[in-house]
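Data block below; observations after.
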Amino acid sequence: MARKKIALVGAGQIGGTLALLAAQKELGDVVLFDIVPGTPAGKALDLAEAAPVEGYNVSLTGGNDYSAIEGADVVIVTAGIPRKPGMSRDDLIGINSGVCKTVGEAIGKHAPNAFVIVITNPLDVMVWVLQQASGLPPERVVGMAGVLDSARFRYFLAEEFNVSVEDVTAFVLGGHGDTMVPLVRYSTVAGIPLPDLVKMGWTTQEKLDAIVQRTRDGGAEIVKLLGNGSAFYAPAASAIQMAESYLKDQKRVLPVAAHLSGQYGQDDLYVGVPTIIGAGGVEKIIEIELNDEEKAMFQNSVDAVKTLVDVVKKLDAEK
Ligand code: TXD
């Protein structure tokens with residue numbers, strides 16, 4: 001069976017990490033693309049030279065012409081600018097929406113059958129811009145945020161409970177960022193819901209609330225520590241988990257920014273929801289019953305995403 005082809009549009013901090021992880025997992029041949037001359041080819045060559053040591057048998061190439069992504073099975077998009085300290089994800093919208101429109105058009109032309117994972121911020125609106133520009137079916141264009149946000153939530157909980165990260169499950173809904181909705185009652189340690197763990201004295205409600213807030217602030221905490229750029233190891237690992245579920249038809253149940261067409265009462269909007277990811281892309285959007293508090297938080301998140309979509313539509317109209 002011919003190897004799959006994974007195209008990485010954006011060969012920066014996350015792009016380079018994506019390439020290494022995809023190669024180590026031998027998910028397929030990897031092509032890096034960027035507008036900076038030399039960067040994609042340089043990183044690809046460096047990664048190829050690691051192959052004899054790491055033992056991965058895939059080809060790694062890089063280029064500055066969109067023809068490099070021709071026929072890709074998976075495209076992961078990080079093209080754009082990251083945040084600097086003091087910047088919000090929303091501050092990136094002007095520049096990054098133009099980038100994602102161009103990238104979407106290129107994917108529509110060169111890789112129309114691909115499963116596309118958008119990472120560029122502000123995520124929920126960038127994935128909408130790219131899908132619209134690409135013309136690809138919405139079930140094959142998703143945004144990566146929920147897997148990262150739930151990974152952060154799971155890590156903080158595992159630290160609090162002193163248990164393996166593998167036995168902590170987390171459930172997050174909504175947009176990527178301050179309005180994210182971590183669903184405490186559906187998050188568990190080995191199936192024991194968090195509220196039960198509070199009753200069992202494993203933690204307190206105050207500590208749980210602080211962990212939820214630290215998860216919401218997870219990106220900003222790393223931006224502040226790094227001083228230049230944003231998180232890239234966990235974002236890359238999260239996107240690769242999504243790509244692997246598609247390429248291997250794993251049917252993973254993952255929170256992704258997916259296109260809603262009536263689900264959760266929303267239409268033509270991308271926002272983080274639980275989905276099943278398989279060879280068909282988003283094979284199912286899982287609609288759970290939300291209680292009144294969760295409904296209000298989710299609606300708040302949806303409203304924040306809609307505001308950004310309106311900003312992009314306004315920017316477009318002014319061109
Ligand atoms: O959970 C999430 N979705 C977020 C996303 C987690 C972390 C980072 N988040 C966002 O991903 C971040 O705010 C940025 O918008 C993207 C990429 O972050 P990264 O840290 O990889 O940024 P870099 O290192 O600056 O890489 C971006 C690359 C860089 O090499 C640019 O030259 C390139 O994008 N770039 C372009 N490539 C192609 N086409 C165009 N127009 C272009 N413009 C810039």
Side-chain angles (χ1 to χ4, degrees), residues 8-15 33-36 64 66 69 75-112 114 116-138 140-146 148-149 174-180 216 219-220 223 229-231 235 239 256-261 264-273 298-319:
L8 306 176
V9 177
Q13 297 275 69
I14 300 178
F33 169 88
D34 203 295
I35 52 170
V36 175
N64 300 113
Y66 269 114
I69 75 168
V75 182
I76 308 179
V77 181
T78 59
I81 61 161
R83 286 193 279 168
K84 292 180 175 54
M87 278 175 85
S88 78
R89 291 180 178 91
D90 300 355
D91 293 334
L92 306 172
I93 197 164
I95 295 172
N96 287 352
S97 56
V99 171
C100 285
K101 187 168 183 293
T102 306
V103 174
E105 288 160 355
I107 293 170
K109 182 178 172 207
H110 294 284
V116 181
I117 301 169
V118 179
I119 297 183
T120 304
N121 265 330
L123 187 270
D124 304 276
V125 64
M126 290 302 124
V127 58
W128 180 83
V129 166
L130 190 143
Q131 187 274 328
Q132 296 276 315
S134 71
L136 268 66
R140 282 201 279 110
V141 182
V142 293
M144 187 297 289
L148 171 64
D149 292 332
H176 177 47
D178 310 342
T179 63
M180 167 179 62
R216 281 204 183 90
V223 166
S230 45
V256 307
H259 184 261
L260 302 185
S261 49
Y264 291 95
Q266 306 305 324
D267 198 31
D268 191 24
L269 185 83
Y270 270 90
V271 74
V273 291
F298 184 68
Q299 191 55 51
N300 177 47
S301 198
V302 163
D303 294 344
V305 174
K306 281 179 174 172
T307 302
L308 293 182
V309 171
D310 291 344
V311 167
V312 166
K313 285 177 176 172
K314 193 161 164 284
L315 287 172
D316 249 6
E318 288 162 1
K319 282 177 186 161

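The shown structure was predicted, so the numbers you read here are calculated from the model rather than taken from an experiment.
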Exercise for the section: Please name the pair of heavy atoms, one in Leu308 and one in Pro122, separated by the smallest distance, quoted to 0.1 Å. Expected result: CD1-CB, 3.9 Å

Acceptor/donor pairs from residues 124-133 side chains to any protein atom, 3.5 angstrom cut, sequence neighbours excluded:
unit_1 : atom_1 : unit_2 : atom_2 : d
Asp124 : OD2    : His176 : N      : 2.8
Trp128 : NE1    : Asp268 : OD1    : 3.4
Gln131 : NE2    : Leu136 : O      : 2.8

Problem - Which atom of Leu123 lies closest to which atom of Ala145, heavy atoms considered - result: CD1-CB, 3.8 Å

Practice task
Search all heavy atoms of Ala79 against all heavy atoms of Val103 and return the closest pair with its distance.
Solution key: CB-CG2, 4.1 Å

Problem - Atom pair CD1/CG of Ile117 and Leu8 - distance to nearest 0.5 Å - result: 10.0 Å

Practice task
Decide yes or no for Ile107 and Ile69: does some side-chain heavy atom of the first lie under 4.5 Å from some side-chain heavy atom of the second?
Solution key: yes

Practice task
Search all heavy atoms of Val75 against all heavy atoms of Ala111 and return the closest pair with its distance.
Solution key: CG2-CB, 4.1 Å

Practice task
Kindly write out the residues that satisfy salt bridge (charged side-chain N to carboxylate O under 4.0 Å, His left out) with Asp316, not counting sequence neighbours, or none if the list is empty.
Solution key: Lys319

Practice task
Say whether, by atom type as modelled, one donor and one acceptor occur between the side chain of Asn96 and the main chain of Gly80 under 3.5 angstrom.
Solution key: no

Handout entry: Ile119 CD1 to Thr78 OG1 distance, which is reported to the nearest 0.5 Å
Key = 6.0 Å

Handout entry: Contacts of type side-chain contact (heavy atoms from CB on, under 4.5 Å), residue Pro137, not counting sequence neighbours
Key = Glu139, Arg140

Handout entry: Interatomic spacing from CG in Asp34 to CG in Asn64 - rounded to 0.5 Å
Key = 7.0 Å

Completion exercise
Distance col, row Leu315:CG vs Ile93:CD1, nearest 0.5 angstrom, shows 7.0 Å

Practice task
Quick one: closest heavy-atom pair of Val141 and Tyr270, and the distance?
Solution key: O-OH, 2.9 Å

Problem - Where at least one partner belongs to residues 92-104, residue pairs that pass salt bridge (Lys or Arg N to Asp or Glu O under 4.0 Å), sequence neighbours excluded - result: Lys101-Glu105

Exercise for the section: Taking side-chain contact (heavy atoms from CB on, under 4.5 Å) as the test, write out the residues that go with Lys306, two or more places apart. Expected result: Gln266, Leu269, Val302

Practice task
On the 0 to 90° scale, with breaks at 30° and 60°, tag the Tyr66-His110 ring pair as parallel, tilted or perpendicular.
Solution key: parallel

Problem - Gap separating the CG atom of Asp310 from the CG atom of Asp303, nearest 0.5 angstrom - result: 10.5 Å

Handout entry: Expected output: side-chain Asp149 to main-chain Arg216 donor-acceptor under 3.5 Å
Key = no

Fill in the blank from the handout: Between the SG atom in Cys100 and the CD1 atom in Ile95, the distance rounded to the nearest 0.5 Å is 12.0 Å

Exercise for the section: Check side chain to side chain donor-acceptor pair (under 3.5 Å) between Ser230 and all other residues, then give those that pass, not counting sequence neighbours. Expected result: none

Exercise for the section: Would you name the heavy atoms of Ala239 and Ile76 that are closest together and state the gap between them? Expected result: CB-CG2, 4.3 Å

